[in-house]
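Below is one structure; the comments refer to it alone.
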Number of protein chains: 2
Amino acid sequence: MLPELKIQQLRYVIAVVDEGGFNAAAKRVFRSQPALSMAVRELEQRLGQNIFERGGKGQLTPFGKFCLPRFRELLGQHGRLVKDLVNQADGKQGHVHIATVPSVATRIMPPLLAEFIDQFPNLTISLHDENAHYVCQMVAHGEVDLGITSLWQGEDELDYTHLFEDKVGVVCHRSHPLANRSSIDWRSLQGEKLIRNGTSRLLMGTEASALVENSAFYISNMISLIAMLEAGAGITTLPQLAFPENNQNLSFIPLQEPDVVRRIGLVKASNCTLSPAAQIMDAFLLKSLRGGEK
Amino acid sequence: MLPELKIQQLRYVIAVVDEGGFNAAAKRVFRSQPALSMAVRELEQRLGQNIFERGGKGQLTPFGKFCLPRFRELLGQHGRLVKDLVNQADGKQGHVHIATVPSVATRIMPPLLAEFIDQFPNLTISLHDENAHYVCQMVAHGEVDLGITSLWQGEDELDYTHLFEDKVGVVCHRSHPLANRSSIDWRSLQGEKLIRNGTSRLLMGTEASALVENSAFYISNMISLIAMLEAGAGITTLPQLAFPENNQNLSFIPLQEPDVVRRIGLVKASNCTLSPAAQIMDAFLLKSLRGGEK
DNA sequence: ATGGATTGATAAGGTTTCCTTATAGGGTGT
DNA sequence: ACACCCTATAAGGAAACCTTATCAATCCAT
């Protein structure tokens, strides 16, 4: 019922006005002159009023004068929109939401993101740190584009790409009898006062699971956990990355038996396309973290 | 180089989102489902990013979510523009500029325009009154759409449609010896003190031209002219329409010999299309004034 | 699980739209 | 009047667009 203005018709009209005639305009838009004549005429018929005076060299009718600024405006809006979309599509602009477990967020991401924003200065980033379970949830629910974490369990709607492994070890006060061992066996820990934390589930299903099951303490907050250890109130297990490497009072001793690792990978929602900016981040993270088992 | 968003493609995308799938959307836009699939795919290829998840029922990708509100916005702007243009083209909205000589402006236009704005309440009007020469100029220069006036001279770029004739007569004080005559001959005026005015040129080229040529006074302002006549300072000639009909002190006596008339007509710029609103006014004025020799 | 129904993708063919070349018509200026 | 420049028109062809028919995947219910 209502006519449709085609972008190209508007462009033709503008060209005729700007160039002062159909012939000149035709050259500018790389079309033949009759193409413009017919396109414009078709537009005029649709609107029910002539835009150009018949026989004049691109002279506008009053109605044409009314139309022109509005055509220009719509063309401008169209052009800006196209530019925006293309920028977004090409990853020249955009925003990436990332979620990681805290250890990755503090130990791995800072230099990496610094390099990223250097390479892609027009992309902006949000970094959330949450525990592994919640990171997976955020990815699954679309709250973030990418997660770097270990899998919570075989989450079906997630797409996991392995990046590196993070060896689990025992953390204790440097004055603890075990502190100077270069490696350790789970059996040596029997009788120790083990404080569980969010990563303790990694030991479940291994020979050492009994240790965890018999532990009475659970502390989720890393700061509190460190404080407890520094106070000599017990020992815990942590992936190496989660161990605060500059801490003077605590020691990290790799677990030899069982050899437990936390598998850290890049997680995306499966069956779900990443935003263009996230695609770029995805590629960047894979390139940066795949080989370099930091 | 830059892709072009076609209005229809955007409509398809919106329909798919709103209806939650390609099939339902196809029904809504009265197209086959493959038509939408292909159109959307073509748009996606142009932008270089998918808008819909492959295999999902109209699920948007992150990029699609970015696009959607912008598509809606452009579509809205397009729709509003079309509505505006069509309203303007159909004369459902618009503005008409009219110029007339003062006599027409005061005696003819008021009831006419009242009727017009009653019939076309969404059209607005500007009414200028100027002397016949300037009215013609304004029309010729496009400052107004229509003029109602006598022609100044055979103006070439003007298109004249005759409306009615306005008989010229002598105006004098009611106490003047000529005042009670029912008609008058130019010879009776010899020796009278004739005050010329803007309309006196109508007598040029007639037998009475000598009268005008020998007149020493010229007053352009109608109010001043009337005051002079009321003071009995002389007589003048005026078209009947310019004679203030309710004036108690002055008399109007038609000139019999020569029988001079002022031809009043509707004037437009030739080779120039009227604005839609002006076209309506044009038709209205012709219908109202053509037969009725008011 | 298996069969039917539904949804989107793909292929082939037809229609419409759009564009091009060639040509006619209408002004303008010499 | 003639040449020139501009736009309008006509006819044929290319491209875009849409349709029907069919296929692959998914979902639902039995």
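Lettering follows sequence order; numbering is per chain, from 1.
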Salt bridge between [X] and [Y], side-chain N to carboxylate O under 4.0 Å?
| X | Y | value |
| --- | --- | --- |
| B/E19 | B/K57 | no |
| A/D166 | A/R263 | no |
| B/K268 | B/D145 | no |
| B/R72 | B/D18 | yes |
| A/E4 | B/R11 | yes |

Exercise: do A/T61 and A/Q49 side chains pair donor with acceptor under 3.5 Å: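 Their side chains do not contain a donor-acceptor pair, so the 3.5 Å distance test is not met.
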Ignoring hydrogens and geometry beyond distance, is a side-chain donor-acceptor pair present between A/S275 and A/Q279 at under 3.5 Å?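 A/Q279 and A/S275 do not have a side-chain donor-acceptor pair below 3.5 Å.
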Are the ring centres of B/Y12 and B/F22 closer than 6.0 Å?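 So the answer is no for these two rings.
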Considering only nitrogen or oxygen atoms on both sides, find all protein atoms under 3.5 Å from nucleotides 6-9 of chain C and state each distance.
unit_1	atom_1	unit_2	atom_2	d
C/dG8	OP1	B/F22	N	2.6
C/dG8	OP2	B/F22	N	3.3
C/dG8	OP2	B/N23	N	2.9
C/dG8	OP2	B/N23	ND2	2.4
C/dA9	OP1	B/R54	NH1	3.2
C/dA9	OP2	B/S37	OG	2.9
C/dA9	N7	B/Q33	NE2	3.0
C/dA9	N6	B/Q33	OE1	3.2

For DNA chain C, which residues in residues 62-69 of chain B have a heavy atom at a distance below 4.0 Å?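 The stretch gives none, as no residue of it lies under 4.0 Å from the strand.
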Using five base pairs at each end to define the local axes, how bent is the helix from C/dA1-D/dT30 to C/dT30-D/dA1, to the nearest 10°?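 That helix has its two terminal axes inclined by roughly 30°.
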Distance-only, no hydrogens or angles: does the A/Q9 side chain make a donor-acceptor pair with backbone N or O of A/K6 under 3.5 Å?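 Between the backbone of A/K6 and the side chain of A/Q9 there is a qualifying donor-acceptor contact (under 3.5 Å).
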Quick one: label B/Q59 by what it contacts on the DNA or RNA (base, sugar-phosphate, nothing), any heavy atom closer than 4.0 Å.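 Nothing, no heavy atom under 4.0 Å.
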Has B/R70 got its NZ or CZ under 6.0 Å from the middle of the six-membered ring of B/F66, at an angle within 45 degrees of the ring axis?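 Judged by the rule, B/R70 and B/F66 form a cation-pi pair.
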Can a side chain N or O of A/Y12 be found less than 4.0 Å away from OP1 or OP2 on C/dC19?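 For C/dC19, OP1 or OP2 has a side-chain N or O of A/Y12 closer than 4.0 Å.
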